[in-house]
There are 2 protein chains.
Amino acid sequence: MQPEISDQIFYAFLTGGLCASSTSTTVTSSSDPFATVYEDKALASLRNHKEAERKRRARINSHLNKLRKLLSCNSKTDKSTLLAKVVQRVKELKQQTLEITDETIPSETDEISVLNIEDCSRGDDRRIIFKVSFCCEDRPELLKDLMETLKSLQMETLFADMTTVGGRTRNVLVVAADKEHHGVQSVNFLQNALKSLLERSSKSVMVGHGGGGGEERLKRRRALDHIIMV
Amino acid sequence: MQPEISDQIFYAFLTGGLCASSTSTTVTSSSDPFATVYEDKALASLRNHKEAERKRRARINSHLNKLRKLLSCNSKTDKSTLLAKVVQRVKELKQQTLEITDETIPSETDEISVLNIEDCSRGDDRRIIFKVSFCCEDRPELLKDLMETLKSLQMETLFADMTTVGGRTRNVLVVAADKEHHGVQSVNFLQNALKSLLERSSKSVMVGHGGGGGEERLKRRRALDHIIMV
DNA sequence: GAGTACACGTGAAAC
DNA sequence: TGTTTCACGTGTACT
């Protein structure tokens with residue numbers, strides 16, 4: 001691709017400009033017939049270039065060392081494996097936070113999701129299984145209303161994860177329904193039931209707690225109400 | 001530090017061994033009186049070295065490109081700023097997951113913590129504020145017991161975050177107590193009350209749910225019980 | 001001695 | 001324009 005020895009080095013080599021003791025530049029310039037102002041300029045440029053590259057390398061290596069510390073890697077871990085570990089770590093952390101914020105922590109926007117997970121049932125042919133999850137503002141009667149809704153639909157809760165944080169709540173339930181009364185189309189029943197549940201929620205948010213109060217504070221207050229109801 | 005042109009290059013340069021067209025090595029070896037078997041060996045070694053270094057660079061750059069994708073960086077983001085962003089991202093993600101798993105997600109081990117956060121009160125001189133947090137197995141009566149305990153201690157719950165996931169629960173409450181009845185030493189009261197609460201929990205875990213059942217399944221069952229109690 | 005990893009100086013390309 | 005970034009080949013040290 002590129003010549004092994006460039007014209008520039010060759011020239012500098014012949015004129016003695018590239019010897020180890022660079023302090024002799026001036027001397028060389030005065031004693032050598034080839035020495036010119038241009039040569040000095042070129043050498044100065046090379047020196048700048050050299051220095052800039054040095055700083056660039058230092059910058060990169062500095063960041064690499066920070067990464068070594070963050071991953072608690074030995075200072076003698078070589079660059080390639082270090083970077084491989086960094087790639088892996090970033091992937092892990094991204095996945096981890098995604099899972100948590102997606103499935104556990106309440107989001108700022110309301111969500112409803114109903115899934116038929118019948119396929120995962122352990123040979124229970126008489127029941128159909130749904131995964132129900134929703135995210136909304138918390139309110140005192142929310143869970144009670146939810147249980148009543150499920151009861152009226154003749155569904156049984158198998159297990160539930162619930163998170164209430166800062167006045168917002170995310171709930172993930174696995175519910176079972178008898179196949180005599182329900183089929184896959186019951187996903188829509190559930191979805192609609194939840195929807196009206198959340199609508200009741202937003203109404204209660206509007207109407208209840210008539211007295212003023214900070215916005216963020218009010219959110220947290222509602223979490224308190226929930227406890228007090230229990 | 002090191003000579004600008006090494007003896008090796010100088011020698012190879014004079015013998016013509018380092019010209020761009022490396023295919024002519026054999027020709028050079030046969031026509032040049034300096035050519036020896038040693039020279040060929042040395043050149044082969046250099047070529048191996050060259051190739052190894054090429055591969056090493058490729059390996060490093062490959063990881064850098066992966067990182068570019070993970071951070072959705074332009075493919076023209078330079079190495080240094082890319083690495084700077086990686087450092088920042090890793091720090092953020094670590095902090096984020098630490099916060100969540102530390103303050104929200106229930107841990108596998110039981111924990112009790114009571115803090116006097118009086119200093120943070122907004123000029124409320126007549127009340128003392130505590131931050132109460134605990135993590136344990138969930139059970140149906142847990143929250144009810146908790147509220148009764150706080151009531152008996154004449155403490156009022158200001159707000160609460162609650163997370164129940166996979167049968168374990170983490171609760172963070174901020175409670176207020178009248179300064180006429182409580183001081184900083186009430187931290188101990190609270191701590192002991194919580195401790196007996198959790199002890200009751202572990203007893204109920206041992207005794208209750210006498211019927212068999214999978215270990216993990218049982219955990220989740222208890223989350224269900226909690227809902228049904230509400 | 002062969003293999004591996006790093007820092008260096010350099011040429012070239014992008015602005 | 002000079003400045004900045006990259007890939008390259010090389011010297012050197014460690015194993």
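The figures here come from the full heavy-atom set of this structure, side chains too, leaving out hydrogens, waters and symmetry mates. Note on naming: letters A, B, ... go to the chains in the order of the sequence lines (proteins, then strands), and numbering restarts at 1 for each one.
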Chi angles and distances behind the salt bridge (charged side-chain N to carboxylate O under 4.0 Å, His left out) call for B/Arg168, B/Asp110: CA-CA 9 Å; B/Arg168 288 193 65 83; B/Asp110 289 5; 2.6 Å; yes
Rounded distance [0.5 Å steps], CG in B/Leu146 versus OG1 in B/Thr157: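 The CG atom of B/Leu146 sits 7.0 Å away from the OG1 atom of B/Thr157.
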Residue from B/Leu71, B/Asn65, B/Leu70 passing side chain to side chain contact (heavy atoms under 4.5 Å, CB included) with B/Arg68: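 Considering B/Leu71, B/Asn65, B/Leu70, a side chain to side chain contact (heavy atoms under 4.5 Å, CB included) with B/Arg68 is found only for B/Asn65.
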Candidate list A/Thr104, A/Val172, A/Ile100, test side chain to side chain contact (heavy atoms under 4.5 Å, CB included), partner A/Thr163, passing option: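 Result: among A/Thr104, A/Val172, A/Ile100, A/Thr104 is the only option passing the side chain to side chain contact (heavy atoms under 4.5 Å, CB included) with A/Thr163.
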Nearest-angstrom distance from the residue atom [atom1] of [X] to [atom2] of [N]:
X	N	atom1	atom2	answer
A/Leu46	C/dT10	CG	P	5 Å
A/Lys50	D/dT4	NZ	P	18 Å
B/Glu51	D/dC8	CD	P	10 Å
A/Lys55	D/dT4	NZ	P	9 Å
B/Asn74	D/dC6	CG	P	12 Å

Donor-acceptor under 3.5 Å (B/Asp138 side chain, B/Gly167 main chain):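 Side chain of B/Asp138 to backbone of B/Gly167, a donor-acceptor pair under 3.5 Å: no, none is there.
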Under 3.5 Å, which protein N or O atoms sit close to an N or O of nucleotides 2-6 of chain C? Give each pair with its distance.
unit_1	atom_1	unit_2	atom_2	d
C/dC6	OP1	A/Lys79	N	2.8
C/dC6	OP2	B/Arg56	NE	3.1
C/dC6	OP2	B/Arg56	NH2	3.1
C/dC6	N4	B/Glu53	OE1	3.0

Ionic contact status for B/Glu111 with B/Arg170, cut-off 4.0 Å: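 Yes, this pair counts.
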Check: A/Arg57 side chain, C/dG9 base, donor-acceptor under 3.5 Å: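 Yes.
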